[in-house]
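Taking it in order: structure first as structure tokens, then the write-up.
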Amino acid sequence: MSSLITEIEDLGKRFAEEIVSLRHPNEILQVKANYLGKKGHLSSILRRMGEMTNEERPKVGQMANSLKGKIEEECRRLLDQLKGQLLDRKTEGERADITLPGRGLPRGHLHPVRQVMEEVEEIFVGIGFQVHEGPEVESDYYNFEALNIPADHPARDMQDTFYVGAPLTRPSATLSLEGRGTKGEGDHGSPYLLRTHTSPVQIHVMERQKPPIQMIAPGAVYRRDSDASHTPMFHQVEGLLVDQGVRFSDLKGILTLFLNEFFGRSVRLRFRPSYFPFTEPSAEVDIGCIFCRGGQRSARTCKVCKKSGWLEVMGCGMVSPAVFRRVGYDLKKISGFAFGMGIERMAMLKLGINDIRLFFENDIRFLRQF
Ligand code: PHE
């Protein structure tokens, strides 16, 4: 009879022993179910109430209820405690140390080619030049024909390029200059190609505008070329000035001003006679080698200027009458000059870079230096 009482007492002790070793909420819930669940220890004891005398029964009932309450309360207390500990551990790991210095976002900068291009633009804009852009996919007419480079002209060999299939339907609107007409106008049905120089922009602008013109045209150009000083894509800045009474001395003056500004006032310049089909007379502009200082220092070994002491930086000349005739300008009233330079070459000379391909490898260790 009193065995049920002893059993309940024992059950209480067992529970007290079992509960101390529990470390996880799931374990506690499991133990709670083992004791208080429908098939749990306490229920199986209570199912034997019939064995009790009438006097004993209330006592056993009372004991069972109080054990049940104890187990429930103890389990709840332990669960709360464990949850608290877990939360503490978690927040401890994640807590921010507000005294740490912030993690700055790495800051990018413009590509060296873009930097140099903008520097060139800035100098010319500063002396009154306007910036124009033209399409990179050009017709044969604008890239060669209108610039007095007919088919089979040897000058085309130096500028072998990429052709864009047969005479196409129509380059999209974005490829043509604003305000230009529709299909075929000025294209003369010629095939399309990736422009080999920025000189076609001269033609586009002169077709649209009457003199005076004072413009530069920066942009990408393409040639079938690839070595340490040539990449299939590179950048040029073109210049064109057309007005009444423009002379070669004006060309010299503007380019001297520009090169002094770009390379520094001490740079030496040389205008060397040359040939371009779209300028007459034509010249190439050299600067005194900035690596061997134009022969003053180790010129006999300088690889950059190939021991000459001079570096070629741009082509230029007075706009050829053949070009003016194409765009319908009156040769008796106006004259002008044009020039063109390679931006990568200017950047290499200014920044001391010896391989043009470095610009396009996207190696952050290289780019970071500029
Ligand atoms: N377009 C020429 C080239 O790419 C450069 C040039 C431009 C020469 C304007 C004279 C006048 O080589």
Side-chain angles (χ1 to χ4, degrees), residues 113 117 120-121 124 129 131-136 138-150 153-162 193-206 213-225 229-243 246-248 250-256 258-259 269-287 311-324 326-327 329 335-348 356:
V113 168
M117 194 129 116
V120 171
E121 284 176 29
F124 281 109
F129 282 73
V131 182
H132 283 271
E133 276 175 38
E136 289 176 25
E138 266 298 0
S139 66
D140 184 280
Y141 178 77
Y142 283 99
N143 194 81
F144 293 126
E145 206 70 34
L147 288 160
N148 201 29
I149 315 174
H153 193 284
R156 288 200 181 199
D157 294 346
M158 296 186 329
Q159 301 194 356
D160 201 5
T161 184
F162 304 88
L193 47 85
L194 298 184
R195 67 177 178 191
T196 60
H197 51 177
T198 41
S199 300
V201 187
Q202 289 186 34
I203 308 297
H204 285 299
V205 172
M206 287 192 283
I213 287 172
Q214 193 180 352
M215 67 100 179
I216 53 168
V221 301
Y222 304 82
R223 290 186 197 180
R224 241 197 64 190
D225 251 347
S229 50
H230 299 89
T231 46
M233 187 277 310
F234 63 103
H235 298 82
Q236 287 188 333
V237 172
E238 188 81 10
L240 174 70
L241 190 146
V242 184
D243 205 345
V246 178
R247 299 179 299 181
F248 196 88
D250 296 315
L251 167 61
K252 263 188 108 170
I254 293 282
L255 291 187
T256 302
F258 164 71
L259 291 166
L269 299 181
R270 178 170 86 170
F271 286 75
R272 184 165 39 82
S274 186
Y275 173 77
F276 298 101
F278 39 95
T279 47
E280 178 60 42
S282 304
E284 251 151 318
V285 189
D286 298 336
I287 60 168
L311 297 165
E312 181 193 319
V313 291
M314 54 205 294
C316 65
M318 302 305 289
V319 178
S320 161
V323 173
F324 281 149
R326 288 272 185 185
V327 297
Y329 278 8
S335 58
F337 64 75
F339 56 86
M341 70 192 96
I343 292 303
E344 282 79 0
R345 178 155 177 85
M346 300 286 281
M348 286 166 79
I356 191 173

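Given the structure is predicted, the values throughout are model-derived calculations rather than measurements. Note that ligands are numbered from 1 as they come in the structure, with each ligand's atoms numbered from 1 the same way. All residue numbers refer to positions in the sequence shown, counting from 1.
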Polar-atom distance check: [X] versus ligand 1, any N or O pair below 3.5 Å?
| X | answer |
| --- | --- |
| T279 | no |
| E238 | no |
| Q202 | no |

Would F124 and F339 count as a close aromatic pair, with their ring centres under 6.0 Å?
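Yes: the rings meet the under 6.0 Å criterion.
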Taking the six-membered ring for Trp and the full ring for Phe, Tyr or His, determine whether the centres of F276 and H197 are under 6.0 Å apart.
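When the ring centroids of F276 and H197 are compared, they turn out to be at least 6.0 Å apart.
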Atoms of ligand 1, numbered as shown, that sit under 4.0 Å from any heavy atom of [X]:
| X | result |
| --- | --- |
| G340 | 6 (C), 7 (C), 9 (C) |
| S199 | 1 (N), 7 (C) |
| R223 | 3 (C), 4 (O), 12 (O) |

Under 4.0 angstrom from ligand 1, any heavy atom of [X]?
| X | answer |
| --- | --- |
| Q236 | yes |
| E284 | no |
| F337 | no |

Counterpart residues, side chain to side chain contact (heavy atoms under 4.5 Å, CB included), relative to H153 (two or more places apart):
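Partners of H153 under the side chain to side chain contact (heavy atoms under 4.5 Å, CB included) test: I149, P150, A155, Y275, P277.
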Can you sort out the partners of A338 under side chain to side chain contact (heavy atoms under 4.5 Å, CB included), two or more places apart, ordered by chain and number?
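In terms of side chain to side chain contact (heavy atoms under 4.5 Å, CB included), with neighbours along the sequence ignored, A338 is linked to Q202, L240, T279, V319.
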For [Y], does its backbone N or O pair with a side-chain atom of [X] as donor and acceptor, under 3.5 Å?
| X | Y | answer |
| --- | --- | --- |
| E136 | L194 | no |
| Q236 | G340 | no |
| E238 | S199 | yes |

Between [X] and ligand 1, find which residue part has any heavy-atom pair under 4.0 Å and reply side chain, backbone, both or neither.
| X | value |
| --- | --- |
| F339 | backbone |
| M341 | neither |
| C316 | backbone |

Inter-residue atom distance F271.CZ - L251.CG, 0.5 Å rounding
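F271 CZ to L251 CG: 6.0 Å, rounded to 0.5 Å.
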